[in-house]
Chemist: 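Structure in structure tokens, see below.
For the numbers below, each heavy atom of this structure counts, side chains included, while hydrogens, waters and symmetry mates do not.
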There are 2 protein chains.
Amino acid sequence: MRRLLAMLCATLALAAPAAADDIRATGDLGLIVERATGSLLLIDQSEHAAIARIEGLGDLSHASLVYSPDERFAYVFGRDGGLTKVDLVTQTIAARVLQAGNSIGGAISDDGRLVAVSNYEPGGVRVFDADTLEMVADIPTGSKTIGLVDAPGRRFVFSLWDAGETWIADLSEGEPKITRIAGIGTRPYDALVTGDGRTYIAGLFGEDGLTALDLWADPPAPRRILAGYGRGETPLPVYKMPHLEGWALAGEQFVLPAVGRHELLWVDRRDLTELGRTPTHGQPVFAMARPDGRQVWVNFAHPLNDTVQVIDTQSRKVIRELKPGPAVLHMEFTPRGHEVWVSVRDADKVVIYDTFTFEVLGEVPARSPSGIFFTARAHRTGL
Amino acid sequence: MRRLLAMLCATLALAAPAAADDIRATGDLGLIVERATGSLLLIDQSEHAAIARIEGLGDLSHASLVYSPDERFAYVFGRDGGLTKVDLVTQTIAARVLQAGNSIGGAISDDGRLVAVSNYEPGGVRVFDADTLEMVADIPTGSKTIGLVDAPGRRFVFSLWDAGETWIADLSEGEPKITRIAGIGTRPYDALVTGDGRTYIAGLFGEDGLTALDLWADPPAPRRILAGYGRGETPLPVYKMPHLEGWALAGEQFVLPAVGRHELLWVDRRDLTELGRTPTHGQPVFAMARPDGRQVWVNFAHPLNDTVQVIDTQSRKVIRELKPGPAVLHMEFTPRGHEVWVSVRDADKVVIYDTFTFEVLGEVPARSPSGIFFTARAHRTGL
């Protein structure tokens, strides 16, 4: 009897990793990419604290991730072709596949059923069942494939570096139905979709300017925008091509890091024409709008990457300059914007700011942190 | 020893309502108000199913609720002055206070620390600690108080039915700092704030038109808009004043249920002028935009409330008419818009539609369902 009770106790103890005191809802969690060690730090936004480290994710340089609709699972896209499903509740790796030799980003369908990965080698997009990570569709493109985003209606949109095309893969009826759009431009290198899933914008490495597609048009027609984007009178060396995910919608305008210049560009939301420029501390990498659109926070390329500037979107002027520390790589706002979390790689920490007072609210130690991703992204298109 | 083990087992068993198999992340949960029975139905959006019923919430007519940032707790505002904190994980009532005699709606601060309730009797707003439901601020207004919303920076905004004023309560430094704005108009009866927290719009019962406030201005100045709103050439009896929460932002335009007329109004997002009207089946109650802004779904006042119309926001034309059943009271989109859940009170069910194919994907039995609230609202301003 005693032995039975002891066994029962042991069983109960094992079966209960989440006892009442440990219950943790998932709405305010997040993951920080620790690129040097191939690990993820699980953070609790309300507690200003790390709660677990998950290891064994392979090469996490340029890693990004998306979340399942229930905010329980993260799908992590490694540079080495690894696709890893991480369980935030049990704090373990739920599944992992090496799905290609060299990949760059991914997306999750609007219904949360499909995860797609964009590959350089072999070039194309592969689509996986979000539950099992079994491959359900293989879409070879014969080109390095970049700028993969999700769009409403179980669609994925991506671009072909070599062919200068954008493809729309509609998976609403099982087999992918592909729409190919030619004439996107020379060497699209990255892309974004607006939060409503309507406008897809590809950055061009081989041309001065970008290309916009209205995904509501049938078929969408490429339209060149911002032809002067990044040219300028006295070109500077480009230390880093800006991430197009750094486009921020701030009220009626987009804010865009200029290529190779110490400037932000302000672009009209309706017609995508330029409205003005703001001089900045260095070459901007990310220009992120606070969710209410009233401020934009900007970080910079090496060697000026110890600084963050805060810009008021009404006056388009710098209202605050902060020095979080060496190598500021990424910033993530809490979903309603009262805080921003800033990763400072070479200080091995993430610094939390109050976005109204600019006060430091806390710091979380992390190993060479880069991207920060809160679970609220699960509910957004194109993130 | 045996007794000790037995006690330990009992403790473990009680302490483990959420064993490994029961783990449930909170990102895709929701609550349906069952007004007639004072209960809430907890639903899992991914499973198309109800998973629990929580009872004992008092008078839930016109009830609404908000969520904590971690999507674990709901704060339910009953008509009888009851403020109930519901735990979605343990599926129990965590706390409940009767904070006034007659109340109408509430809000949660951007940092999730404060919950505010708007009261008719005694007239004013009371603010509670979100953890304990202890009252932390009492703001008497000497008037029935309506249209309470949250705004960025730990602020709450609300209007005074009797005095025709709007007040902004800033709780960022503890004690509320109040800004009073006079001249809002005669008998404000409801209000909304835009998703960016910038524009507050109050509906007027005693005047034809609405009043807008730019909360970024210091101080905000009232501006009358849509003076013809609801007048029309041949006024119809008004069966129900439309909820202003039914304002939908669809791309560059707002969609607004006309008062007392079988029409929707289209309003320019930038300058709040009228762009056009669409004739509808009945007097619209809610006009809800799919999150991508491409469709608007509309339900109607008694006696035409068995119907839902779907309107294309590009052509502003009705593209589909559905008959979910008797007394369609509310609609809620999944956060990325692939489904809409529709409560059909007199058929005791909630019907789930695919918003692309209009196919019925499932039904969930519910007792006289009214409002449907998914946890993704936790991450939005003004919801």
Chemist: In terms of heavy-atom pairs under 4.5 Å, which option from G153(A), G293(A), G197(A), S172(A) contacts chain B the most?
Modeler: G153(A)
Chemist: Quick one: what part of E339(A) sits under 4.5 Å from any heavy atom of chain B, side chain, backbone, both or neither?
Modeler: neither
Chemist: Quick one: which of R198(B), R294(B), E71(B) has the most heavy-atom pairs under 4.5 Å with chain A, could you say?
Modeler: R294(B)
Chemist: When rounded to the nearest 0.5 angstrom, what is the spacing between OG1 in T334(A) and CZ in R290(A)?
Modeler: 9.5 Å
Chemist: So, does T26(B) use its side chain to make a donor-acceptor pair with the main chain of R72(B) at under 3.5 Å?
Modeler: no
Chemist: With a 4.5 angstrom heavy-atom cut-off, is it the side chain or the backbone of T194(A) that approaches chain B, or both, or neither?
Modeler: neither
Chemist: Answer with side chain, backbone, both or neither: which region of D44(A) has an atom nearer than 4.5 Å to a non-hydrogen atom of chain B?
Modeler: neither
Chemist: Among I108(B), T355(B), L88(B), single out the residue with the greatest number of heavy-atom pairs under 4.5 Å to chain A.
Modeler: I108(B)
Chemist: Is it the side chain or the backbone of R113(A) that comes within 4.5 Å of chain B heavy atoms, both, or neither?
Modeler: side chain
Chemist: Is the distance between the ring centroids of F333(A) and W341(A) under 6.0 Å?
Modeler: no
Chemist: What part of S109(B) gets within 4.5 angstrom of chain A, counting heavy atoms only: side chain, backbone, both, or neither?
Modeler: backbone
Chemist: Once rounded to the nearest 0.5 Å, what's the spacing between atom CZ of F156(A) and atom CG of L148(A)?
Modeler: 7.0 Å
Chemist: With chain B as the partner, which of Y67(A), F356(A), W216(A) has the greatest number of non-hydrogen pairs under 4.5 Å?
Modeler: W216(A)
Chemist: Go through the side-chain N and O atoms of Q253(B) and R316(B) and say whether any donor and acceptor fall under 3.5 Å apart.
Modeler: yes
Chemist: Might you work through the side chain to side chain donor-acceptor pair (under 3.5 Å) test for D28(A) and S46(A), ending with a clear yes or no?
Modeler: CA-CA 7 Å; D28(A) 62 346; S46(A) 308; 2.4 Å; yes
Chemist: With respect to chain A, which residue among T357(B), D354(B), L29(B), D150(B) yields the maximal number of heavy-atom pairs within a distance under 4.5 Å?
Modeler: D150(B)
Chemist: In terms of heavy-atom proximity below 4.5 Å to chain B, should A376(A) be classed as side chain, backbone, both, or neither?
Modeler: both
Chemist: Can you name the residues that form a salt bridge (Lys or Arg N to Asp or Glu O under 4.0 Å) with R270(A), not counting sequence neighbours?
Modeler: E252(B), D268(B)
Chemist: Should the pair W297(B) and F358(B) be assigned to parallel (<30°), tilted (30 to 60°) or perpendicular (>60°) ring geometry?
Modeler: tilted
